[in-house]
Amino acid sequence: MKRYGTILLYLIAAEILTLFINVTLSVFGGTAFRVITSVCTVGILVVLMIQAGSRLGKEDKKRRNAGEKTPHIAGAGILASLPMGICWLLLLLEKCSVMTAGFYRFYKLLCAPFLQICNLLSADVTADTLPWMGVVLLGVLSLLPAAAVCISYVMVMRDVQIEEIMYKKPE
């Protein structure tokens, strides 16, 4: 249960931090600032999820070395993308006119790392003007947290040092 709490804490931290950055930089409002903010906020989400996966990997590696059984990472990966996945499904329901219009504005706030991407796709408060490719893009982006957690976890469990990859000099 502690591992799921770790994932949730990192998700909440990513949400708060990216919402703060979005609100702070929204005063500029130009396309260039939206692109820069999008890269920063998605990057923050990915980095925090990598940190969460690495932390879980280190804990499970200690358990494995002690001869204990380690839980599978799939549960933590699913949990990492679950909130954004649920929000995306609700957005899809709004886009398909199954749900009443208006959730898109809440989607932007509930999935703060993607707020400026949403504004680049459609600044409207309803999903009516959101293109279908935008809905697909947001669906793919909602899988980023799970991918970041699982990949970093597997790398730690296989003794791959993430820092070495990041700071490796080109040959």
Worksheet item: Could you state the interatomic distance from CG (L90) to NZ (K95), rounded to the nearest 0.5 Å?
Response: 16.0 Å
Practice prompt. Could you tell me whether the side chain of S81 and the main chain of A146 form a donor-acceptor pair under 3.5 Å?
Written response: yes
Item to complete: Could you tell me the separation between the CD1 atom of I44 and the CE atom of M49, rounded to the nearest 0.5 Å?
Response: 12.0 Å
Item to complete: Grab the two heavy atoms, one from S54 and one from S152, that are nearest each other, plus how far apart they are.
Response: N-OG, 3.5 Å
Worksheet item: Quick one: CZ on R63 to CG on D60, what's the gap to the nearest 0.5 Å?
Response: 5.0 Å
Discussion item. Same cluster or not: L25 versus I36, using hydrophobic residues (I, L, V, M, F, W, Y) connected whenever any side-chain heavy atoms lie under 4.5 Å apart?
Written reply: no
Worksheet item: In Å and rounded to the nearest 0.5 Å, what is the CD1 to CG distance from I21 to L115?
Response: 12.0 Å
Fill in: From CG (L17) to CG (L45), nearest 0.5 Å
10.5 Å
Practice prompt. Just do the side chain to side chain contact (heavy atoms under 4.5 Å, CB included) check on E59 and K2 with the steps written out, would you?
Written response: CA-CA 11 Å; E59 291 171 4; K2 179 183 172 190; 4.2 Å; yes
Worksheet item: Mind checking whether L143 and Y10 sit in one hydrophobic cluster, side chains of I, L, V, M, F, W, Y counted as touching below 4.5 Å?
Response: no
Worksheet item: I7 and A52: which non-hydrogen atoms are nearest, and at how many Å?
Response: CD1-CB, 3.9 Å
Worksheet item: What closest approach, in Å, do E94 and T126 show between heavy atoms, and which atom pair accounts for it?
Response: OE2-CA, 3.7 Å
Worksheet entry | Residues T6, R55; criterion side chain to side chain contact (heavy atoms under 4.5 Å, CB included); working and verdict | CA-CA 9 Å; T6 300; R55 185 173 174 184; 4.1 Å; yes
Donor-acceptor pairs under 3.5 Å, side chain of residues 127-142 to any protein atom, not counting sequence neighbours: which ones?
residue	atom	partner	partner atom	Å
T129	OG1	S122	OG	2.5
S142	OG	G139	O	2.6

Worksheet item: Is it true that R64 and E68 make a salt bridge, defined as a side-chain N closer than 4.0 Å to a carboxylate O?
Response: no
Worksheet item: Taking C-beta and beyond as the side chain, do P113 and M84 meet within less than 4.5 Å on heavy atoms?
Response: yes
Worksheet item: Hey, what else clusters with V35 if you join Ile, Leu, Val, Met, Phe, Trp, Tyr whenever side-chain heavy atoms sit under 4.5 Å?
Response: L120
Response to the item:
When rounded to the nearest 0.5 Å, the distance separating CZ of R105 from SG of C118 is 13.5 Å
Worksheet item: Is there side-chain contact between V149 and P145, with at least one heavy-atom pair below 4.5 Å?
Response: no
Fill in: Main-chain N/O of E15 paired with T18 side-chain donor or acceptor, under 3.5 Å
yes
Response to the item:
With sequence neighbours left out, the residues meeting side chain to side chain donor-acceptor pair (under 3.5 Å) with N119 are K108
Discussion item. I'd like to know whether T41 forms a side chain to side chain contact (heavy atoms under 4.5 Å, CB included) with Q116, so could you lay out the CA-CA distance, the side-chain angles of the two residues, the decisive distance to 0.1 Å, and finally the verdict.
Written reply: CA-CA 9 Å; T41 55; Q116 292 302 335; 5.6 Å; no
Item to complete: Please check if L93 and F114 belong to a single hydrophobic cluster, counting links between Ile, Leu, Val, Met, Phe, Trp and Tyr side chain heavy atoms closer than 4.5 Å.
Response: yes
Item to complete: Could you list the residues that satisfy side-chain contact (heavy atoms from CB on, under 4.5 Å) with C87, not counting sequence neighbours?
Response: F103, Y107, L110, C111
Discussion item. Through direct or indirect side-chain contacts below 4.5 angstrom among Ile, Leu, Val, Met, Phe, Trp and Tyr, which residues connect to L9?
Written reply: none
Item to complete: State plainly whether one hydrophobic cluster holds both L48 and L56, where clusters connect Ile, Leu, Val, Met, Phe, Trp and Tyr through side-chain heavy atoms under 4.5 angstrom apart.
Response: yes
Fill in: Minimum-distance pair of heavy atoms, taken over all atoms of Y104 and V125
CB-O, 3.5 Å
Item to complete: Identify whether I16 and L79 are in the same connected component of the hydrophobic contact network (ILVMFWY, side-chain heavy atoms under 4.5 Å).
Response: no
Worksheet item: In the hydrophobic clustering (ILVMFWY, side-chain contacts below 4.5 Å, transitive), which residues join V47, or is it alone?
Response: none
